[in-house]
Participant: 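Just dropping this structure here.
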Amino acid sequence: MFGLLGKNKPVKIRGYSENRKYGVAAKNVKELLKKSCKLFQLPLTGARFCLYEDGTVVTEEFFQTLADHTELVLLSKEQTWSGVACDIGQLLNTDRHADRIIEAAKALLSDEKSTKKRKILSDLLHNLDDTSEWESRDEDEDWFKGVDARFKTKSAYMKFNCESRIRSYMKEVDDATKTIEKARVRTEFLKASKCLAEMLKAAKYNGCYFDRTEKEPHRLCTKDGWFTCQGPFDQAECQTLHSINPYSSRDSRIVFSTWNLDHRIEKKRTIIPTLLEALQNHKSTDINLKYFYQLLFSRKNLKLVHIVCHKKGHHDLLCDPKKIVINASHVDKAKQKPKVKKRRLN
């Protein structure tokens, strides 16, 4: 409309890495590019505009439909813009404005009425108070409040924390002995339990899962200590993108204790009963204890989940019948009665 009538359309222009905005008016995109490139000292070749809000490319036709004072971003040939999130990312990737971000967030939080916005601002302030780069007790005494004095580093405590969780799973296996009535089955179960305990001890109770100093294939976190929720047992990933860094502050360490190492195939309802059932007709040496070890204590069956993503209802997943007994087909054949060969009469 403006172009057809020969009138200038007023818009606000900013550069890719500029916070300052400039008011520019033009009849069309071509004229706007000339004025803006001159203003920002950018080459005209390859230059273009995007909406600041969502990164939509501004064509000539689209330009004519824009409201007055729409905010645009001027990009050179090699630059891209995905919207306001891109701006936030640039801001958070630098420490230059950290103090100003904190003060601004505090000021907004004091007046904000929206519950959702208050949550966002509170989380922002909480995560900005980050001491994750400090590792020792001497560096970050506040983080270690309530932690036994024998732990001198954050990683050592987090490793112990994971070991404690895994040890509790072994205790539940041992406790199942009390429910066994048949003496033979109890004896075989004790042998299986002892073997599982030895395997777990050899793996150092998989404390590496929470230890950020471990190598990447073994730990569940980044080298800085960030953990990401792996989602409910029946989903491939967390839809809400829950994440936490228990290394960053004492509060985060405490909150992390509410996260669960959840068994996809359930421990009490499925794994242990399946092991008990298998021992009704087999010796412990016939059982594939490596498979049961993986289900009970390893990442092959464990998922780290935020408390919201921890579904406590029945998981409805079963153990693989083909993996329960070692050489199952051979064992089954051994159980079959041998066929009596008929003697041929001469």
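Keep in mind that the numbers below use all heavy atoms, side chains included, and drop hydrogens, waters and symmetry copies.
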Participant: Are W81 and Y52 near enough that their ring centres are under 6.0 Å apart?
Facilitator: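 Judged by ring-centre distance (under 6.0 Å), W81 and Y52 do meet the cut-off.
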Participant: Do Y291 and L317 belong to the same hydrophobic cluster, where Ile, Leu, Val, Met, Phe, Trp and Tyr are linked whenever their side-chain heavy atoms lie under 4.5 Å apart, directly or via other members?
Facilitator: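 Yes; L317 is reachable from Y291 via cluster members.
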Participant: Specify the closest pair of heavy atoms between I244 and F256, including all atoms of both residues, with the distance to one decimal.
Facilitator: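 Taking every non-hydrogen atom into account, CG2-CD1, 3.6 Å.
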Participant: Hey, can you tell me if H242 and H306 have their rings parallel, tilted or perpendicular (30° and 60° cut-offs)?
Facilitator: parallel
Participant: Keeping the roles fixed (side chain from T187, backbone from A183), state whether a donor-acceptor pair exists under 3.5 Å.
Facilitator: yes
Participant: Within the distance-only criterion (no hydrogens, no angle test), does the side chain of Y205 pair as donor or acceptor with the backbone N or O of R165 below 3.5 angstrom?
Facilitator: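 Not at all, since once roles are kept as given, no pair shorter than 3.5 Å links the two residues.
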Participant: For a quick test of reading the model, state the closest non-hydrogen atom pair linking N206 to F297 and the distance between them.
Facilitator: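 Heavy atoms of N206 and F297 come nearest at ND2-O, 2.8 Å.
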Participant: Are more than 12 heavy atoms from other residues, nucleotides or ligands located less than 6.0 Å from atom NZ of K311?
Facilitator: yes
Participant: Do T213 and D211 get their side chains close enough for a donor-acceptor pair, meaning under 3.5 Å?
Facilitator: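 Their side chains do contain a donor-acceptor pair, which is all the 3.5 Å distance test asks for.
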Participant: Assess whether side chain to side chain contact (heavy atoms under 4.5 Å, CB included) is satisfied between E71 and E53, documenting all intermediate values.
Facilitator: CA-CA 8 Å; E71 190 169 344; E53 182 179 354; over 6 Å; no
Participant: Can you find a heavy atom in the side chain of I272 that is under 4.5 Å from one in the side chain of L276?
Facilitator: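 Touching, per the 4.5 Å side-chain cut-off.
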Participant: Flag yes if V308 and L261 sit in one hydrophobic cluster, no otherwise; membership is Ile, Leu, Val, Met, Phe, Trp, Tyr, and two members link when side-chain heavy atoms are under 4.5 Å apart.
Facilitator: no
Participant: Within the 4.5 Å heavy-atom criterion, are L279 and D286 side-chain neighbours or not?
Facilitator: no
Participant: Locate the shortest heavy-atom distance separating S243 from W226; write the atom from each residue and the value.
Facilitator: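 What the structure gives for the nearest pair is OG-CZ3, 4.0 Å.
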Participant: Would a 4.5 Å heavy-atom cut-off, applied to side chains only, mark L296 and K267 as touching?
Facilitator: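 They are in side-chain contact.
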Participant: Do the side chains of K154 and T131 get nearer than 4.5 Å, heavy atoms only?
Facilitator: yes
Participant: Is there a side chain to side chain contact (heavy atoms under 4.5 Å, CB included) between L275 and I324? Walk through the geometry before answering.
Facilitator: CA-CA 8 Å; L275 177 57; I324 295 173; over 6 Å; no
Participant: At their closest point, which heavy atom of C50 faces which heavy atom of G55, and how far apart are they?
Facilitator: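 Closest approach of C50 to G55, heavy atoms only: SG-O, 3.5 Å.
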Participant: Within a strict 4.5 Å, meaning less than it, do heavy atoms of the R14 and Y22 side chains meet?
Facilitator: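 With C-beta onward as the side chain, the pair stays apart.
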Participant: For the atom pair OG (S36) and CG (L44), what is the distance rounded to the nearest 0.5 Å?
Facilitator: 10.0 Å
Participant: Could you tell me which residues satisfy side-chain contact (heavy atoms from CB on, under 4.5 Å) with D316, sequence neighbours excluded, listed by chain and number?
Facilitator: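 For D316, the residues satisfying side-chain contact (heavy atoms from CB on, under 4.5 Å) (neighbours in sequence not counted) are H314.
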Participant: Donor-acceptor pair, E277 side chain versus P273 backbone, under 3.5 Å?
Facilitator: no
Participant: Do we see a donor-acceptor contact under 3.5 Å between the side chains of E139 and S136?
Facilitator: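 Yes, a side-chain donor-acceptor pair sits under 3.5 Å.
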Participant: To the nearest 0.5 Å, what is the distance between CG on L220 and CG on L304?
Facilitator: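 So the gap between those two atoms works out to 6.0 Å.
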Participant: Are V305 and F233 connected in a single hydrophobic cluster, I mean Ile/Leu/Val/Met/Phe/Trp/Tyr linked by side-chain heavy atoms less than 4.5 Å apart?
Facilitator: no
Participant: Do the ring planes of F227 and F210 sit parallel (below 30°), tilted (30 to 60°) or perpendicular (above 60°)?
Facilitator: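 Answer is perpendicular, since the angle exceeds 60°.
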Participant: Using modelled atom types and a 3.5 Å cut-off, is there a donor and acceptor pairing between side-chain atoms of K9 and backbone atoms of A25?
Facilitator: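 A pair under 3.5 Å: no.
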Participant: Answer with yes or no whether the side chains of T56 and D54 bring together a donor and an acceptor at under 3.5 Å.
Facilitator: yes
Participant: Can you list the steps and then say if E188 with K191 is a salt bridge (charged side-chain N to carboxylate O under 4.0 Å, His left out)?
Facilitator: CA-CA 5 Å; E188 293 300 325; K191 291 178 182 178; 3.6 Å; yes
Participant: I'd like to know if the side chain of H315 and the backbone of R264 have a donor-acceptor N/O pair within less than 3.5 Å.
Facilitator: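 Present.
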Participant: Would you find more than 12 non-hydrogen atoms of other residues, nucleotides or ligands less than 6.0 Å from Q41 atom CD?
Facilitator: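 No - once you tally the heavy atoms of other residues, nucleotides and ligands closer than 6.0 Å, there are 12 at most.
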Participant: Got a sec, which residues hit salt bridge (Lys or Arg N to Asp or Glu O under 4.0 Å) with K171, two or more places apart in sequence or on another chain?
Facilitator: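 By the salt bridge (Lys or Arg N to Asp or Glu O under 4.0 Å) rule, K171 matches D175.
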Participant: Testing the 3.5 Å rule here: is there a donor-acceptor pair between the side chains of H263 and N301?
Facilitator: no
Participant: Roughly how far, to the nearest 0.5 Å, is the CD atom of Q239 from the SG atom of C309?
Facilitator: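 Between C309 SG and Q239 CD, I get 8.5 Å after rounding to 0.5 Å.
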Participant: Does the Lys NZ or Arg CZ of R150 fall within the cation-pi geometry relative to F160 - under 6.0 Å from the ring centre and within 45° of the axis?
Facilitator: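 Checked: cation-pi criterion met.
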Participant: Tell me if a side-chain donor or acceptor on R186 pairs with a main-chain N or O of I180 at a distance below 3.5 Å.
Facilitator: yes
Participant: To the nearest 0.5 Å, what is the distance between CG on L289 and CG on L295?
Facilitator: 11.5 Å
Participant: Quick one: do E141 and K145 make a salt bridge, cutoff under 4.0 Å?
Facilitator: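 Salt bridge between E141 and K145, a charged N being under 4.0 Å from a carboxylate O: no.
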Participant: Verify the cluster assignment for Y169 and F292: are they in a single hydrophobic cluster under the rule of side-chain heavy atoms below 4.5 Å apart?
Facilitator: yes
Participant: Salt bridge (charged side-chain N to carboxylate O under 4.0 Å, His left out), that's the test. Do K204 and E163 meet it? Break it down for me.
Facilitator: CA-CA 8 Å; K204 299 181 180 179; E163 290 174 356; over 6 Å; no
Participant: For V58, is there any backbone N or O sitting under 3.5 Å from a side-chain donor or acceptor partner on R48?
Facilitator: no
Participant: Looking only at side-chain N and O atoms, does N245 offer a donor or acceptor that is under 3.5 Å from a partner on S252?
Facilitator: no
Participant: Could you pull out the closest heavy-atom pair between S298 and Q294, with the gap in Å?
Facilitator: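 It is OG-O, 2.7 Å.
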Participant: Take F63 and F49, measure what ring-ring contact (aromatic ring centres under 6.0 Å, His included) needs, and give me the verdict at the end.
Facilitator: CA-CA 10 Å; F63 177 73; F49 291 108; 7.9 Å; no
Participant: Find the distance between CG (D174) and OG (S193) and round it off to the nearest 0.5 Å.
Facilitator: 3.5 Å
Participant: Indicate the ring-plane relationship of F151 and Y157, choosing parallel, tilted or perpendicular according to the 30° and 60° boundaries.
Facilitator: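 Ring orientation, 0 to 90° scale: perpendicular.
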Participant: Rounded to the nearest 0.5 Å, how far apart are SG of C229 and CG of N260?
Facilitator: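 The SG atom of C229 sits 9.5 Å away from the CG atom of N260.
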Participant: State, yes or no, whether a side-chain contact exists between D262 and Q230 at a heavy-atom distance under 4.5 Å.
Facilitator: no
Participant: Let me see the working for I265 and L318 under side chain to side chain contact (heavy atoms under 4.5 Å, CB included), right down to the final yes or no.
Facilitator: CA-CA 6 Å; I265 300 174; L318 302 175; over 6 Å; no
Participant: Hey, quick one: are L190 and L196 part of the same hydrophobic cluster, counting side-chain heavy atoms closer than 4.5 Å, chains of contacts allowed?
Facilitator: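 They do not share one cluster, since no chain of ILVMFWY contacts under 4.5 Å joins L190 to L196.
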Participant: Just by distance, no angles: are the side chains of E61 and T59 close enough, under 3.5 Å, to form a donor-acceptor pair?
Facilitator: no
Participant: State, with a plain yes or no, whether a side-chain heavy atom of N288 is found less than 4.5 Å away from one of V325.
Facilitator: no
Participant: Can K30 and E60 be said to form a salt bridge (charged side-chain N to carboxylate O under 4.0 Å, His left out), step by step?
Facilitator: CA-CA 8 Å; K30 185 176 181 181; E60 191 67 65; over 6 Å; no
Participant: Determine, stepwise, if the pair K303 / R299 fulfils side chain to side chain contact (heavy atoms under 4.5 Å, CB included).
Facilitator: CA-CA 7 Å; K303 295 186 76 174; R299 291 173 61 181; over 6 Å; no
Participant: Testing the basics here: between F144 and T153, what is the closest heavy-atom pair and its distance to 0.1 Å?
Facilitator: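 Shortest heavy-atom separation between F144 and T153 comes out as CZ-C, 3.4 Å.
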Participant: For residues R212 and E135, determine if any side-chain heavy atom of one lies less than 4.5 Å from a side-chain heavy atom of the other.
Facilitator: yes
